[in-house]
J.: 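Structure incoming, see below.
Positions are given from 1, in the same order as the sequence printed here. Scope of the values below: all heavy atoms of this structure, side chains included, with no hydrogens, waters or symmetry mates. Not measured: the values here are computed from a predicted model.
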Amino acid sequence: MVGKGEAFGLIEDFVDADQAWVAISSRNEEKVHILVFHTTDGGQTWHKTELPQGAKNRGPFYWGAITFTDSRHGWLMAVYSQHNCPAELFKTIDGGITWIQIASVYDLVKNNGLPFGGEISFRDPKIGWLVGRLDPSIQLLYRTQDGGLTWQRQKLKLPVGYESGELSVRDSPVFFSANEGLLTAIYVPKNGQGNSATILYTTKDGGQTWQSRTPLQFQGIVDFTDAYNGWSWQWKTSAKKELYHTSDGGKTWTGIEPDQNLKHFLDQGLDVAELDFINDKIGWALLISNDGQLVLLRTTDGGDSWSIVYPR
């Protein structure tokens, strides 16, 4: 797909069974190219475009993200290090036929320019969010109102009783409608005084303001399928392994005891690394051990029972 030359980095976004986006950076004759491939027939044919040359002497990207709000408006974040900076942001308004660079960390003199590279999401062609870090341990939230040209930090209010610490935003916001969305953050106590927590924030005004739910007293994974149904999993900070479910947008949570299959792999030392539910019944859990063993489980009853997908 790339042709002659060395390839570095891979960004992908699989929209459905037919449509997917893949970006690859390659070096050919001492020049770095960023190539974007798009398929609408499940990979049988691919349309290739090349991103315009941005910063001089940029190297190949390490990671990034592609996101679209509709069939025409999309963004590609290319991060040129293993961390969140430096980076460039590209945009298309014709469904990926052409791309232009609209923001760059390299442009240091621009007011409200791109602060760093990181995860991005857009609610519509104008409003979007960026999550990344200037500090090694704290991820910040930035918002754009002009399609990614400029960015302003959006601070989240800490819940009552948690004012002495800091928030590290885990993921960019997810929206289920024009107004309803959510994001998760980790509460980090200052100087190690106190316990960390996972805090869910919800919005009903399209992300202009965010309200915190009751903090979950652990660090873990949170996955929602809509504004009301979500699941959370506590990481290895506790001996008790339990899946939690909410049907009221995170106001209250109910524990789900691991079934025989899930308990079997937990007892072997694996832990849940990812949760991905597509509705209130069907979902997947990826478990990983310290030595890299992978197990994929599937549920069709909201997490009450799990079947083994991999390994067979």
J.: Does NE2 in His83 sit with more than 12 non-hydrogen atoms of other residues, nucleotides or ligands closer than 6.0 Å?
T.: no
J.: Testing the basics here: between Thr45 and Thr39, what is the closest heavy-atom pair and its distance to 0.1 Å?
T.: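 In terms of heavy atoms, the two residues are closest at O-OG1, 2.9 Å.
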J.: Show your working on side chain to side chain contact (heavy atoms under 4.5 Å, CB included) between His47 and Thr49 and close with a plain yes or no.
T.: CA-CA 7 Å; His47 173 74; Thr49 58; 3.4 Å; yes
J.: Should Thr150 and Asp146 be marked as a side-chain hydrogen bond (donor to acceptor under 3.5 Å, both in side chains) after you check the CA-CA gap, both sets of side-chain angles, and the distance that decides it?
T.: CA-CA 7 Å; Thr150 61; Asp146 55 17; 2.6 Å; yes
J.: Look up atom CD in Gln293 and atom CD in Gln268, then write down how far apart they are to the nearest 0.5 Å.
T.: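 Spacing of CD (Gln293) from CD (Gln268) equals 6.0 Å.
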J.: Looking at Thr246 and Trp253, would you say the former's side chain and the latter's main chain have a donor-acceptor pair under 3.5 Å?
T.: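 Not confirmed, Thr246 side chain does not pair with Trp253 backbone.
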J.: Could you check if a side-chain atom of Tyr187 sits within less than 4.5 angstrom of a side-chain atom of Pro215, using non-hydrogen atoms only?
T.: no
J.: Give, for atom CG of Asp271 and atom OG of Ser289, the distance between the pair rounded to the nearest 0.5 Å.
T.: 10.5 Å
J.: How many angstroms lie between atom CD1 of Ile11 and atom OG1 of Thr67, to the nearest 0.5 angstrom?
T.: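 Output value for this atom pair is 12.0 Å.
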J.: If Ile, Leu, Val, Met, Phe, Trp and Tyr residues are connected whenever their side-chain heavy atoms lie under 4.5 Å apart, and connections chain through other members, are Ile100 and Phe122 in the same group?
T.: yes
J.: Is the Tyr228-Phe176 ring centre distance short of 6.0 angstrom?
T.: no
J.: Can you classify the ring geometry of Phe68 versus Trp21 as parallel (below 30°), tilted (30 to 60°) or perpendicular (above 60°)?
T.: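 If you compare the ring of Phe68 with that of Trp21, the planes turn out parallel.
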J.: Do Leu156 and Val160 belong together in a cluster built from hydrophobic side chains that touch within less than 4.5 Å?
T.: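 No, separate clusters.
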J.: Identify the two heavy atoms, one from Leu167 and one from Ala185, that lie closest to each other, and give their separation to 0.1 Å.
T.: CD2-CB, 4.0 Å
J.: Would Asp205 and Thr203 count as a side-chain hydrogen bond (donor to acceptor under 3.5 Å, both in side chains) if you check the C-alpha gap in whole Å, the side-chain angles of each, and the deciding distance to 0.1 Å?
T.: CA-CA 6 Å; Asp205 57 13; Thr203 181; 2.7 Å; yes
J.: Is the shortest heavy-atom distance from the side chain of Val174 to the side chain of Phe224 under 4.5 Å?
T.: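 In short, these two side chains do not touch, never coming nearer than 4.5 Å.
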J.: Which atoms form the tightest heavy-atom contact between Leu141 and Pro173, and what is the distance?
T.: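 Of all heavy-atom pairs spanning Leu141 and Pro173, the closest is CD1-CD, 4.2 Å.
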J.: How far does CD1 of Ile282 sit from CG of Asp276, to the nearest 0.5 angstrom?
T.: 11.5 Å
J.: Shared ILVMFWY cluster between Leu266 and Ile256, side chains joined below 4.5 angstrom?
T.: yes
J.: Any sub-3.5 Å donor-acceptor pair from Ser212's side-chain atoms to Tyr201's backbone N or O?
T.: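 Judged by distance alone, no pair lies under 3.5 Å.
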J.: Are the side chains of Thr202 and Glu180 in contact, using a 4.5 Å heavy-atom criterion?
T.: no
J.: When you compare the side chain of Gln145 with that of Gln208, does any pair of heavy atoms fall below 4.5 Å?
T.: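 A side-chain contact is absent here, since even the closest heavy-atom pair is not under 4.5 Å.
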J.: Which atoms form the tightest heavy-atom contact between Ile288 and Ala273, and what is the distance?
T.: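 What the structure gives for the nearest pair is CD1-CB, 3.7 Å.
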J.: Please tabulate, one pair per line, all N/O donor-acceptor pairs under 3.5 Å involving side-chain atoms of residues 123-132, not counting sequence neighbours.
T.:
residue, atom, partner, partner atom, Å
Arg123, NH1, Gly206, O, 2.7
Asp124, OD1, Lys126, N, 2.8
Asp124, OD1, Ile127, N, 2.8
Trp129, NE1, Gln154, OE1, 2.7

J.: Determine, stepwise, if the pair Gln260 / His264 fulfils side-chain hydrogen bond (donor to acceptor under 3.5 Å, both in side chains).
T.: CA-CA 6 Å; Gln260 183 176 356; His264 169 74; over 6 Å; no
J.: Answer yes or no: is there a side-chain heavy-atom contact under 4.5 Å between Asp18 and Thr40?
T.: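 No - every pair of side-chain heavy atoms lies 4.5 Å or more apart.
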J.: Would you say Leu287 and Ile308 are hydrophobically clustered, going by side-chain heavy atoms of ILVMFWY under 4.5 Å?
T.: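 Yes, Leu287 and Ile308 fall within the same hydrophobic cluster.
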J.: How close do Phe116 and Ala87 get, heavy atom to heavy atom, and via which atoms?
T.: C-CB, 4.4 Å
J.: Begin from the C-alpha positions of Gln211 and Thr209 and carry the test side-chain hydrogen bond (donor to acceptor under 3.5 Å, both in side chains) through to its verdict.
T.: CA-CA 7 Å; Gln211 295 76 42; Thr209 60; 3.2 Å; yes
J.: Report the C-alpha distance between Ile221 and Trp231 in whole Å, list the side-chain angles of each, state the deciding distance to 0.1 Å, and finish with yes or no for side chain to side chain contact (heavy atoms under 4.5 Å, CB included).
T.: CA-CA 8 Å; Ile221 306 165; Trp231 290 259; over 6 Å; no
J.: Please verify the inter-ring angle class for Phe277 with Trp306; under 30° counts as parallel, over 60° as perpendicular, anything in between as tilted.
T.: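 Geometry flag for Trp306 against Phe277: perpendicular rings.
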J.: Do Tyr62 and Val79 pass the side chain to side chain contact (heavy atoms under 4.5 Å, CB included) test, and can you show the C-alpha distance, the side-chain angles, and the key distance before you say yes or no?
T.: CA-CA 6 Å; Tyr62 280 79; Val79 183; 5.9 Å; no
J.: Going by atom types alone, do Asp301 and Thr299 pair a side-chain donor with an acceptor below 3.5 Å?
T.: yes
J.: Which atom names give the shortest non-hydrogen contact between Pro311 and Val295, and what distance separates them?
T.: CD-CG2, 4.1 Å
J.: Would you please test Leu114 and Tyr142 for side chain to side chain contact (heavy atoms under 4.5 Å, CB included) and show each step?
T.: CA-CA 9 Å; Leu114 190 68; Tyr142 278 74; over 6 Å; no
J.: Distance from Leu35 atom CG to Ser25 atom OG, nearest 0.5 Å?
T.: 8.5 Å
J.: Check whether any side-chain heavy atom of Gln139 sits under 4.5 Å from a side-chain heavy atom of Asn84, and report yes or no.
T.: yes
J.: First locate atom CG of Leu262, then atom CG of Leu270, and finally report the distance between them rounded to the nearest 0.5 Å.
T.: 10.0 Å
J.: Taking Glu88's backbone N and O only, do any of them form a donor-acceptor pair with Tyr106's side chain (distance below 3.5 Å, no angle check)?
T.: no
J.: Would you call Ile93 and Arg72 a side-chain contact if the rule is heavy atoms closer than 4.5 Å?
T.: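 Side chain of Ile93 against side chain of Arg72, heavy atoms only: no contact under 4.5 Å found.
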J.: Please tell me if the side chains of Leu51 and Gln101 come closer than 4.5 Å, counting only heavy atoms from C-beta onward.
T.: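 They are not in contact (no side-chain heavy atoms under 4.5 Å apart), so the answer is no.
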